[in-house]
Amino acid sequence: MGYHESEHTKNVRDWKEVFDFLIKDPSFLPASPETEDDEIRTLSNQWPETPPQFREVCQTYAREVEKLGYKLLELISLSLGLPSNRLNGYFEDHTTMMRLNHYPPCPCPELALGLGRHKDAGALTIVAQDDVGGLQVRRKSDDVWVPVKPTPNALVINVGDTIQVWSNEAYESMEHRVVVNSERERFSIPVFFFPSHYVMVKPLEELVNEGNPPKYKPYNFGKFFVARNRSDYKKLEVQNIQISDFKII
Ligand SMILES: O=C(O)CCC(=O)C(=O)O
Ligand SMILES: [Fe+2]
C-alpha cells in the first residue's frame, strides 16, 4: 500500500500515478493465486509524513464513503427482494481500499490510456472525479466508448463483478477505461468495496431456482483478486482472469 506509478492494465502500463490505502489496517489477502497455497499476506498502509493533515483528511473522507457504500449495498439487497443486511456478512474482514489517482497530461494521448479497459473485481466502486473528464464506459449494444461526463458534486457508482455474480446477473458490471489529454492533469478518487478474502462468491441461494439456475460456479474472492492483479503484470497476450471463467454454460 502507498505510492506507486507502474500499474498495468492487461499488460500495458497506465499513464498515471496512485496512492492506495486500506480502510481496515491491516487487511489480509492470499499470498498467491495458487489454490494449493494457503499462505495469507498481511497488507498495511504506508502514510507519508507530509502534508501533516493528509492522513486525517483521507481517513475522514473514506469513512463517509464507506457509510454510503453500505447504504448502497442495502438498497441493492432490497432491490433483489432480500433483507437489507443480506450482504453485510461478506464484508466482516473486508479489503476495501481507497485510491488517489493522478493522470498527468500526456504528450501523445492517442498512444496511451490513463487506465486500460477493465471491470472492477469487487462489489461496488464509488468514484469522485474532477471536472476534466476522461472516464468512459463501454456501451454493450454497440461497443462504443461513452464518456461519463463529470457532474459537479456527484459521485460515479460502478457495479463490480462480485455483485454481478451475487445477483446472478440481475446487475451487470461494466467495462470502463480512462483516456488522457495533452492539456490538463486529472484527479479521481475511487473507493473499492472488496469482500473478505475468504468469501466464496456465487449466486445468492435465494435468487436461484429451477427456472433461474446459478450462472456461476463458486470462486474464492481473494484468489480471484490476486490472480486478476498478477495477470495484469504478465507480458502475455492473454485476457486476464474474468468471472466468465466461472460461468456455467
Ligand atoms: O479515474 C477514474 O475515473 C476511474 C478509475 C477506475 O476505474 C479504477 O481505478 O478502477
Ligand atoms: Fe475501475
Side-chain angles (χ1 to χ4, degrees), residues 1-23 27 29 43 58 61-62 65-66 68-69 72 94-106 109 112-140 145-165 171-195 221 224-233 239-244:
M1 291 297 133
Y3 174 85
H4 57 109
E5 40 73 43
S6 59
E7 195 167 77
H8 289 51
T9 310
K10 300 199 195 310
N11 314 324
V12 180
R13 187 166 175 170
D14 298 327
W15 193 271
K16 68 167 185 195
E17 54 183 348
V18 309
F19 179 82
D20 287 340
F21 70 93
L22 302 154
I23 310 291
S27 293
L29 276 176
L43 303 172
C58 287
Y61 176 75
V65 179
E66 201 185 2
L68 174 63
L72 290 167
H94 65 71
T95 47
T96 295
M97 193 188 91
M98 175 162 144
R99 167 167 287 180
L100 306 177
N101 277 319
H102 175 224
Y103 303 94
C106 177
L113 284 170
L115 176 54
R117 71 182 173 90
H118 67 282
K119 292 180 177 184
D120 294 346
L124 283 179
T125 310
I126 300 183
V127 189
Q129 60 169 337
D130 63 16
D131 64 342
V132 173
L135 176 60
Q136 301 180 329
V137 182
R138 185 138 81 150
R139 190 163 58 205
K140 254 180 67 178
W145 288 102
V146 179
V148 180
K149 244 179 53 197
T151 305
N153 302 316
L155 297 165
V156 178
I157 315 288
N158 284 341
V159 166
D161 286 343
T162 309
I163 296 239
Q164 174 164 337
V165 174
Y171 284 92
E172 271 183 65
S173 131
M174 282 290 149
E175 197 162 43
H176 53 284
R177 67 178 190 180
V178 175
V179 295
V180 282
N181 71 82
S182 55
E183 307 293 316
R184 291 181 68 192
E185 61 183 352
R186 173 174 183 266
F187 293 93
S188 71
I189 310 176
V191 177
F192 303 97
F193 286 79
F194 295 137
F221 177 74
F224 178 75
F225 182 71
V226 171
R228 169 79 63 93
N229 282 354
R230 284 275 173 99
S231 60
D232 278 344
Y233 285 88
Q239 173 85 321
N240 55 8
I241 189 170
Q242 298 292 334
I243 49 173
S244 53

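Remember, it's 1-based here, ligands and their atoms both numbered in the order they're listed. Not measured: the values here are computed from a predicted model. Residue indices begin at 1 and follow the sequence shown.
When each of K16, Q129, R186 is paired with N101, the side-chain contact (heavy atoms from CB on, under 4.5 Å) condition holds for K16 and for no other.
Salt-bridge formation is detected for the pair R99/D20: a Lys NZ or Arg NE/NH1/NH2 atom is positioned less than 4.0 Å from an Asp or Glu carboxylate oxygen. One finds no salt bridge joining K140 and E175 here, because no Lys/Arg side-chain nitrogen approaches an Asp/Glu carboxylate oxygen to under 4.0 Å. Electrostatic pairing of D131 and R184 counts as a salt bridge here, judged by a charged N lying under 4.0 Å from a carboxylate O.
For the residue pair Q136 / H176, no side-chain donor-acceptor distance below 3.5 Å is found, with atom types taken as modelled. Under the 3.5 Å distance criterion, with hydrogens and angles disregarded, a donor-acceptor pair is assigned to the side chains of E17 and Y3.
Around the Fe ion (ligand 2), protein N, O or S atoms at less than 2.8 Å comprise H118 NE2, D120 OD1, H176 NE2.
In this structure, ligand 1 sits under 4.0 Å from heavy atoms belonging to N101, Y103, L115, H118, D120, V127, L135, H176, V178, R186, S188, P190, F192.
Residues R117 and W145 are in side-chain contact: their nearest non-hydrogen atoms beyond the backbone lie under 4.5 Å apart.
Judged by distance alone, with hydrogens and angles left aside, the side-chain atoms of S27 form no donor-acceptor pair with the main-chain N or O of T95 at under 3.5 Å. Judged purely by atom type and a 3.5 angstrom limit, W15 has no side-chain atom pairing as donor or acceptor with the backbone of L115.
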